[in-house]
Amino acid sequence: QVQLVESGGGLVQAGGSLRLSCAASGRTFGTYSVGWFRQAPGKEREFVAVTAWSSGATGYADSVKGRFITSRDNAKNTVYLQMNSLKPEDTAVYYCAARPYGGVNTREYEYQYWGQGTQVTVSS
């Protein structure tokens, strides 16, 4: 069992940056792929980024490619999402999710564990 807690959300102006953290407890994070998803008001939750467990390979949605970077510190059981050049359309609740021994998984149903989410609001 893995418990995930996101932090780092907040209010930022367009063009600014935020770094989200996803901290895991209960099991070591090293063998889990960790994905980031987001859900804007009135919209379905969508994939944002992922870091695979073994290769460290990453994947990004086209809408964030070149602006967001996901990384992991297995020693701290934490995965990060660095968000740069933020746009108002990035406003959403951001969730991290974990899948044991996963790859570059981009679908919600592929993940077993989810955090509670953190709000990111980008003002224009």
Side-chain angles (χ1 to χ4, degrees):
Q1 190 77 7
V2 174
Q3 293 80 44
L4 305 176
V5 178
E6 302 96 336
S7 61
L11 174 65
V12 64
Q13 287 189 329
S17 298
L18 281 175
R19 189 177 79 159
L20 305 184
S21 298
C22 175
S25 60
R27 297 287 292 271
T28 178
F29 227 2
T31 57
Y32 287 76
S33 289
V34 178
W36 290 94
F37 293 79
R38 67 186 181 186
Q39 187 167 22
K43 295 187 176 182
E44 293 186 352
R45 192 153 56 182
E46 63 177 3
F47 166 75
V48 175
V50 60
T51 172
W53 80 273
S54 61
S55 64
T58 56
Y60 298 91
D62 288 343
S63 59
V64 306
K65 205 170 290 184
R67 300 188 296 123
F68 290 12
I69 299 171
T70 186
S71 60
R72 62 194 306 157
D73 185 337
N74 289 334
K76 295 183 178 180
N77 260 12
T78 302
V79 172
Y80 304 98
L81 183 67
Q82 178 67 43
M83 305 186 296
N84 302 318
S85 302
L86 282 161
K87 305 175 181 180
E89 50 264 45
D90 293 318
T91 294
V93 177
Y94 283 72
Y95 301 87
C96 65
R99 170 189 171 93
Y101 303 108
V104 182
N105 303 102
T106 63
R107 311 292 179 99
E108 284 188 63
Y109 66 81
E110 295 177 303
Y111 290 87
Q112 293 178 250
Y113 305 103
W114 290 82
Q116 83 290 348
T118 185
Q119 176 71 47
V120 171
T121 303
V122 184
S123 63
S124 57

With rounding to the nearest 0.5 angstrom, report the NZ to OG distance, K76 to S21.
9.5 Å
With sequence neighbours left out, write down each residue that passes salt bridge (charged side-chain N to carboxylate O under 4.0 Å, His left out) with R19, or none if nothing qualifies.
none
Taking side-chain hydrogen bond (donor to acceptor under 3.5 Å, both in side chains) as the definition, give me every residue that meets it alongside S71, ordered by chain and number, with sequence neighbours left out.
none
Are F68 and V48 close enough that some pair of their side-chain heavy atoms sits under 4.5 Å apart?
yes
Contacts of Q39 that satisfy side-chain hydrogen bond (donor to acceptor under 3.5 Å, both in side chains) - sequence neighbours left out:
none
All salt bridge (charged side-chain N to carboxylate O under 4.0 Å, His left out) counterparts of E46, not counting sequence neighbours:
R38
Mind checking the OG-CE spacing from S17 to M83? Nearest 0.5 Å is all I need.
8.5 Å
Is it the case that one hydrophobic cluster holds both L18 and I69, taking links as side-chain heavy atoms less than 4.5 Å apart, direct or via other members?
yes
Would you give the length of the straight line joining atom CD of E6 to atom SG of C96, rounded to the nearest 0.5 angstrom?
4.0 Å
Write down the atom of R67, the atom of D90, and the distance for their closest heavy-atom approach.
NH1-OD2, 2.8 Å
Set of residues satisfying ring pair (Phe, Tyr, Trp, His ring centres under 6.0 Å) with respect to Y113, sequence neighbours excluded
none
Side chain to side chain contact (heavy atoms under 4.5 Å, CB included) involving T121 - partner list, sequence neighbours excluded
L11, T91, Q119
Same cluster or not: are V50 and V34 linked, directly or through other Ile, Leu, Val, Met, Phe, Trp or Tyr residues, by side-chain heavy atoms under 4.5 angstrom apart?
no
Using every non-hydrogen atom in the two residues, find where Y32 and P100 come nearest and quote the distance to one decimal.
CD2-N, 3.5 Å
Could you state the interatomic distance from CZ (R72) to CH2 (W53), rounded to the nearest 0.5 Å?
9.5 Å
Mind checking what makes side chain to side chain contact (heavy atoms under 4.5 Å, CB included) contact with A23, not counting sequence neighbours?
T78
Would you say that V122 contacts K87 through its side chain, given a criterion of any heavy-atom pair below 4.5 Å between the two side chains?
no
Of all residues at least two apart in sequence or in a different chain, which pass the salt bridge (charged side-chain N to carboxylate O under 4.0 Å, His left out) check with K65?
D62
What's the separation between atom OG1 in T70 and atom OH in Y80, rounded to the nearest 0.5 Å?
11.0 Å
What are the two closest heavy atoms between G115 and Y95, and how far apart are they?
O-CD2, 3.6 Å
Side-chain contact test, heavy atoms from C-beta onward, threshold under 4.5 Å: evaluate it for V120 versus L20 and give yes or no.
yes
Nearest atoms (heavy-atom pairs only) where S124 meets A14:
CA-CB, 4.4 Å
Residues that Q13 engages under side chain to side chain contact (heavy atoms under 4.5 Å, CB included), provided they are two or more places apart:
S123
Indicate every side-chain donor-acceptor pair of residues 101-108 with a distance under 3.5 Å to a residue at least two apart or in another chain.
| from | atom 1 | to | atom 2 | distance (Å) |
| --- | --- | --- | --- | --- |
| N105 | OD1 | G103 | N | 2.8 |
| N105 | ND2 | E110 | OE2 | 3.4 |
| E108 | OE1 | R45 | NE | 3.0 |
| E108 | OE1 | R45 | NH2 | 3.0 |

Could you work out, with ring pair (Phe, Tyr, Trp, His ring centres under 6.0 Å) as the rule, every residue matching F37, not counting sequence neighbours?
F47, Y111, W114
Once side chain to side chain contact (heavy atoms under 4.5 Å, CB included) is applied, do any residues pair with Q3, and if so which ones, sequence neighbours excluded?
Q1, S25
Measure the spacing between CG of L81 and CH2 of W36 and express it to the nearest 0.5 Å.
5.5 Å
